[in-house]
Protein chains: 2
Amino acid sequence: MITIFGAYNYPPIVDGIVRHHRALWAAEESGLQYKVHWMDAAKAEHREMPNRGINPFGKIPSLQDGDFKLFESGAIVNYLFEKAGKAPRDLEGRAKLAQWCYAALNTIEPLGTFEIFLWDTFWRERVGRDERRTEVVNQMRARMAELDGALGSKAYLLGDEFSAADVLMATVLTFARSEPTIYEQGPRVRAYLERCQARPGFQRAVAAQSGAPKIAA
Amino acid sequence: MITIFGAYNYPPIVDGIVRHHRALWAAEESGLQYKVHWMDAAKAEHREMPNRGINPFGKIPSLQDGDFKLFESGAIVNYLFEKAGKAPRDLEGRAKLAQWCYAALNTIEPLGTFEIFLWDTFWRERVGRDERRTEVVNQMRARMAELDGALGSKAYLLGDEFSAADVLMATVLTFARSEPTIYEQGPRVRAYLERCQARPGFQRAVAAQSGAPKIAA
């Protein structure tokens with residue numbers, strides 16, 4: 001049985017953004033059976049064992065599949081698709097998949113959508129916000145125009161087939177939900193994001209979150 | 001023949017940091033034949049064709065192998081190792097490799113070593129530098145202690161075998177060369193970085209840079 005380690009009781013401001021969502025989504029898309037090991041974020045349980053025994057950095061999500069242990073959401077999402085036989089098997093196909101996974105996690109997220117999220121949540125009162133936030137939003141507007149051109153008429157990043165790269169790209173785009181103007185020159189990116197989130201697998205992953213322990217208000 | 005797209009004539013402050021280095025290093029480790037298509041960074045040639053035809057974001061490195069085109073350094077490095085038969089072939093082995101590749105590019109680089117590089121180069125005069133730089137350096141000190149524990153007595157991230165993950169981790173660590181105190185509680189990480197950079201493949205990749213066109217002083 002596959003176990004995904006996720007968190008509950010985190011600040012409401014990160015609801016829908018927490019990185020275990022992408023693992024749950026991939027698990028739902030894979031069709032594999034899995035369960036969730038919920039950890040109390042307010043008690044920083046993810047920084048302690050057993051999660052620390054999987055991820056030396058004490059972050060989420062982590063995964064355990066029998067004796068096999070894995071961390072990094074990019075690796076977990078790919079593992080789930082590949083285990084389910086829903087990934088390219090040839091060298092070039094795998095490389096193209098990796099290309100778009102890394103594009104999401106390295107070209108769009110850092111100094112990009114995730115930074116917009118930080119400026120609009122935890123960093124709202126920081127000095128330098130106006131200058132840097134404007135800079136990164138402009139950068140992301142340009143990136144979305146470029147991504148729009150790369151998507152073209154494709155349904156998903158690899159073409160007709162939804163892949164691990166789409167789970168990563170869609171969740172990375174969601175970090176910038178406070179700044180929808182980034183799509184002004186990227187209407188096909190916005191449509192792509194909506195197409196990804198309309199998938200039943202995404203909806204089931206959102207519902208899976210309700211399996212987390214309830215916290216008294 | 002494999003062609004790697006790299007840049008020359010960039011600001012000296014990024015010497016040794018430019019991301020084509022990791023592709024050259026992987027190419028040298030792979031033993032595959034390759035050539036470099038050098039682009040003038042000062043003229044932003046990487047933002048134009050032919051590079052833009054490979055990478056819609058106009059960044060380096062890119063790769064062309066016959067008709068096959070690839071961007072994102074993480075994907076390129078893995079492609080070269082895999083094409084050379086120097087990568088795990090089983091599901092779990094590939095997942096562990098991916099885990100460490102993503103750890104380098106997502107847990108160590110963003111809001112980490114690359115941000116230290118930015119604060120110590122292009123962002124030296126920015127407001128908020130003292131507060132944020134201190135924060136990220138402290139974060140990286142903790143990460144290096146965690147990475148030290150994960151390395152343990154291993155020579156490389158996957159064990160005895162040097163892999164694509166080591167090319168990525170070593171180049172990502174190099175971003176923070178201006179702040180060697182991050183290794184105070186990570187002596188095995190520092191030794192690991194030196195071990196990686198002592199490899200003949202690394203040295204040959206550094207030398208390959210000298211094949212770039214010369215710019216009149």
Side-chain angles (χ1 to χ4, degrees), chain A residues 19 52 55-59 63 65-80 82-83 87 91-92 94-112 114-115 118 123 126-132 142-143 145-152 168, chain B residues 19 52 55-59 63 65-80 82-83 87 91-92 94-112 114-115 118 123 126-132 142-143 145-152 168:
Chain A
R19 285 167 203 252
R52 182 74 81 167
N55 183 347
F57 304 111
K59 298 170 75 174
L63 174 146
D65 186 1
D67 291 333
F68 181 66
K69 297 172 180 179
L70 193 65
F71 67 94
E72 285 292 336
S73 60
I76 290 170
V77 167
N78 274 285
Y79 173 80
L80 291 166
E82 191 170 334
K83 179 158 184 166
L91 174 65
E92 294 187 357
R94 273 212 297 271
K96 282 287 184 188
L97 170 62
Q99 168 188 287
W100 283 113
C101 291
Y102 285 110
L105 296 177
N106 292 100
T107 295
I108 306 299
E109 177 183 326
L111 305 171
F114 191 69
E115 193 176 334
L118 288 174
W123 292 1
R126 288 211 172 185
V127 296
R129 180 175 187 268
D130 287 350
E131 178 189 16
R132 176 61 191 160
R143 285 266 195 284
E146 292 163 335
L147 180 56
D148 192 273
L151 269 170
L168 296 173
Chain B
R19 285 168 203 251
R52 182 73 82 170
N55 183 348
F57 304 111
K59 298 170 75 175
L63 175 146
D65 186 1
D67 290 334
F68 181 66
K69 297 173 181 178
L70 192 65
F71 67 95
E72 286 293 336
S73 59
I76 289 170
V77 167
N78 273 284
Y79 173 79
L80 291 167
E82 191 170 334
K83 178 157 183 166
L91 174 65
E92 294 188 356
R94 274 212 295 270
K96 281 288 183 186
L97 170 62
Q99 167 188 284
W100 283 113
C101 291
Y102 285 110
L105 295 177
N106 293 101
T107 295
I108 306 299
E109 178 182 325
L111 306 172
F114 190 69
E115 193 178 334
L118 288 174
W123 292 1
R126 288 212 172 186
V127 296
R129 180 175 187 268
D130 288 350
E131 178 188 16
R132 178 59 192 161
R143 287 265 195 284
E146 292 163 337
L147 181 55
D148 193 272
L151 269 171
L168 297 173

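We name chains A, B, ... by the order of the sequence lines, and we start the count at 1 in each one.
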- Item | Which of Arg52(A), Glu82(A), Lys59(A) touches chain B most, by non-hydrogen pairs under 4.5 Å | Glu82(A)
- Note on the structure: With chain A, the option among Ala103(B), Gly128(B), Ala150(B), Pro110(B) that has the most non-hydrogen atom pairs under 4.5 Å is Ala103(B)
- Find the distance between CZ (Arg126(A)) and CD (Glu131(B)) and round it off to the nearest 0.5 Å. 4.5 Å
- Message: Once rounded to the nearest 0.5 Å, what's the spacing between atom CD of Gln99(A) and atom CG of Asn55(B)?
- Response: 7.5 Å
- Note on the structure: Cut-off 4.5 Å, heavy atoms of chain B, and the answer for Leu97(A) is neither
- Message: Less than 4.5 Å to any heavy atom of chain B: does that hold for the side chain of Arg143(A), its backbone, both, or neither?
- Response: both
- Message: Quick check on Ile108(A) against chain B: is it the side chain, the backbone, both or neither that has a heavy atom closer than 4.5 Å?
- Response: side chain
- Message: Given heavy-atom pairs under 4.5 angstrom as the criterion, report whether the side chain, backbone, both or neither of Arg129(B) touches chain A.
- Response: neither
- Task: With rounding to the nearest 0.5 Å, note down the distance linking CD in Glu115(A) to CD in Glu115(B).
- Result: 7.5 Å
- Message: Taking side chain to side chain donor-acceptor pair (under 3.5 Å) as the definition, give me every residue that meets it alongside Tyr102(A), ordered by chain and number, with sequence neighbours left out.
- Response: none
- Side chain, backbone, both or neither: which part of Arg94(A) has a non-hydrogen atom closer than 4.5 Å to chain B? side chain
- Expected output: side-chain Asn106(B) to main-chain Leu105(A) donor-acceptor under 3.5 Å: yes
May I have the list of side-chain donor-acceptor pairs in residues 69-77 of chain B shorter than 3.5 Å, sequence neighbours left out?
unit_1: Glu72(B); atom_1: OE2; unit_2: Thr107(A); atom_2: OG1; d: 2.5
unit_1: Ser73(B); atom_1: OG; unit_2: Arg22(B); atom_2: NH1; d: 3.0

- If you count heavy-atom pairs under 4.5 Å between each of Tyr79(A), Trp100(A), Phe68(A) and chain B, which one has the most? Phe68(A)
- Flag the pair Phe114(B) / Leu111(A) as yes when at least one side-chain heavy-atom distance between them is below 4.5 Å, and no otherwise. yes
- Pairs of heavy atoms under 4.5 Å with chain B: top-ranked of Leu91(A), Val127(A), Asp65(A): Leu91(A)
